[in-house]
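The next block holds one structure in the form of structure tokens; read it before the comments.
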2 protein chains.
Amino acid sequence: MASLSVRIDLGPELRIGPGKIELLEKIAAFGSISAAGRAMDMSYRRAWELVEELNGTFESPVVSAQTGGKRGGGAVLTPFGLSLVARYRAIESAATQAAAAHLDALQGELAAKTAAE
Amino acid sequence: MASLSVRIDLGPELRIGPGKIELLEKIAAFGSISAAGRAMDMSYRRAWELVEELNGTFESPVVSAQTGGKRGGGAVLTPFGLSLVARYRAIESAATQAAAAHLDALQGELAAKTAAE
DNA sequence: CATCGTTATGTTCATATGAACATCACGTAA
DNA sequence: TTACGTGATGTTCATATGAACATAACGATG
């Protein structure tokens with residue numbers, strides 16, 4: 001099934017797409033950067049770098065992390081981070097819904113081409 | 001200004017985004033792969049590779065090219081290629097319009113963060 | 001026949017990107 | 001004190017990616 005993939009451009013060096021958003025959601029769900037990375041089959045290193053990049057691109061941090069402690073540490077989304085995720089999903093949802101008919105048409109056309117010849 | 005960037009996933013190895021679409025439009029406008037490349041500040045090699053990739057991913061070719069001749073040769077979009085571009089722009093337009101309000105809200109929130117502190 | 005602009009490739013090189021591995025710091029719990 | 005799980009980095013290496021350059025085929029046109 002054809003689907004839409006949405007990225008938001010907020011300026012040069014300021015882009016956010018489905019990958020980073022999913023990572024943020026996983027962090028919110030597990031309370032840990034490393035657990036989020038594992039869930040996405042991604043090295044901790046990589047996950048941490050993405051978080052670092054996100055925290056650096058926006059004025060306000062998106063993830064707040066703590067080292068040591070009960071479970072060895074952990075990470076949570078800041079209010080701004082939560083808001084960012086919510087807004088992205090809202091945008092994605094609206095976009096997908098609005099484009100659904102066109103997508104189906106394209107898909108159909110593609111199937112016809114595949115069937116023919 | 002914040003803007004949306006849309007990619008269409010039609011399967012693994014079957015993705016199309018703003019770059020390829022723009023290239024196709026330039027090819028249609030100039031009637032030449034090399035002219036399209038120049039217009040996008042892209043080497044002919046690169047432009048040709050993208051066209052090759054497009055022609056390979058879909059069942060039906062998207063660009064039809066001729067070597068030699070009056071102007072040295074040229075390239076035009078196939079009917080399917082034209083349709084693909086049109087559908088992409090329609091999808092993009094619908095998506096952008098539907099997400100406009102959310103985008104503005106995000107932009108505003110971002111500006112607030114930038115202003116504060 | 002020589003020229004021109006284009007398509008169509010080959011080849012080489014620099015760079016960006018991510019994978020992999022290796023530590024260290026930290027704070028709680030046993 | 002030791003162990004544990006996590007955050008936070010450093011380092012190295014393989015690979016992917018694109019840039020740059022080079023060349024041939026082609027067909028009209030002069």
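Chain identifiers are assigned alphabetically (A, B, ...) following the order of the sequence lines, protein sequences preceding nucleic acid strands; residue numbering begins at 1 within each chain.
Regarding contacts with the backbone of dT7(C), every side-chain N or O of W48(B) stays at 4.0 angstrom or more from both OP1 and OP2. Taking side-chain N and O atoms only, S34(B) has a distance below 4.0 Å to OP1 or OP2 of dT7(C).
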Q.
Protein within reach of the bases, or only the backbone? For nucleotides 25-30 of chain C, mark each nucleotide 5' to 3' as B, S or -, using heavy atoms under 4.0 Å.
A. BBBS--

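For residues 92-108 of chain B, the set of pairs meeting the salt bridge (charged side-chain N to carboxylate O under 4.0 Å, His left out) definition, not counting sequence neighbours, comprises R89(B)-E92(B). Listed by first and then second residue, the ring-ring contact (aromatic ring centres under 6.0 Å, His included) pairs involving residues 58-79 of chain A are F58(A)-F80(A) (not counting sequence neighbours).
Taking atom CG of N55(B) as the reference point, atom P of dA8(C) lies 9 Å away to the nearest angstrom. Regarding R38(B), its CZ atom lies at a distance of 12 Å from the C1' atom of dT7(C), rounded to whole Å.
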Q.
Please determine whether side-chain contact (heavy atoms from CB on, under 4.5 Å) holds for the pair K20(B) and E53(B), giving the CA-CA distance in whole Å, both sets of side-chain angles, and the decisive distance to 0.1 Å.
A. CA-CA 10 Å; K20(B) 287 174 191 160; E53(B) 187 185 334; 3.0 Å; yes

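If you find the closest nucleotide of DNA chain C to E49(B) and to Y44(B), the one lying nearer the 5' end belongs to Y44(B).
Backbone-only contact: Q66(A) has heavy atoms under 4.0 Å from sugar-phosphate atoms and none from a base.
Annotation: salt bridge (Lys or Arg N to Asp or Glu O under 4.0 Å) contacts of R87(B) (sequence neighbours excluded): E109(A). With sequence neighbours excluded, no residue forms a side chain to side chain donor-acceptor pair (under 3.5 Å) with K26(A).
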Each nucleotide N or O in nucleotides 12-23 of chain D that has a protein N or O under 3.5 Å away: list the pair and distance.
| from | atom 1 | to | atom 2 | distance (Å) |
| --- | --- | --- | --- | --- |
| dG18(D) | OP1 | R46(B) | NH2 | 3.1 |

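In this structure, V76(B) and V63(B) have side chains that are not in contact, with every pair of non-hydrogen atoms separated by 4.5 Å or more.
Distances were taken from every side-chain heavy atom of S32(A) (C-beta onward) to each of dT9(D), dG7(D), dA8(C); the shortest belongs to dG7(D).
Without hydrogens or angle criteria, N55(B) side chain to V62(B) main chain gives a donor-acceptor distance under 3.5 Å.
From L4(A), atom CG reaches atom CZ of R7(B) across 11.5 Å, with rounding to the nearest 0.5 Å.
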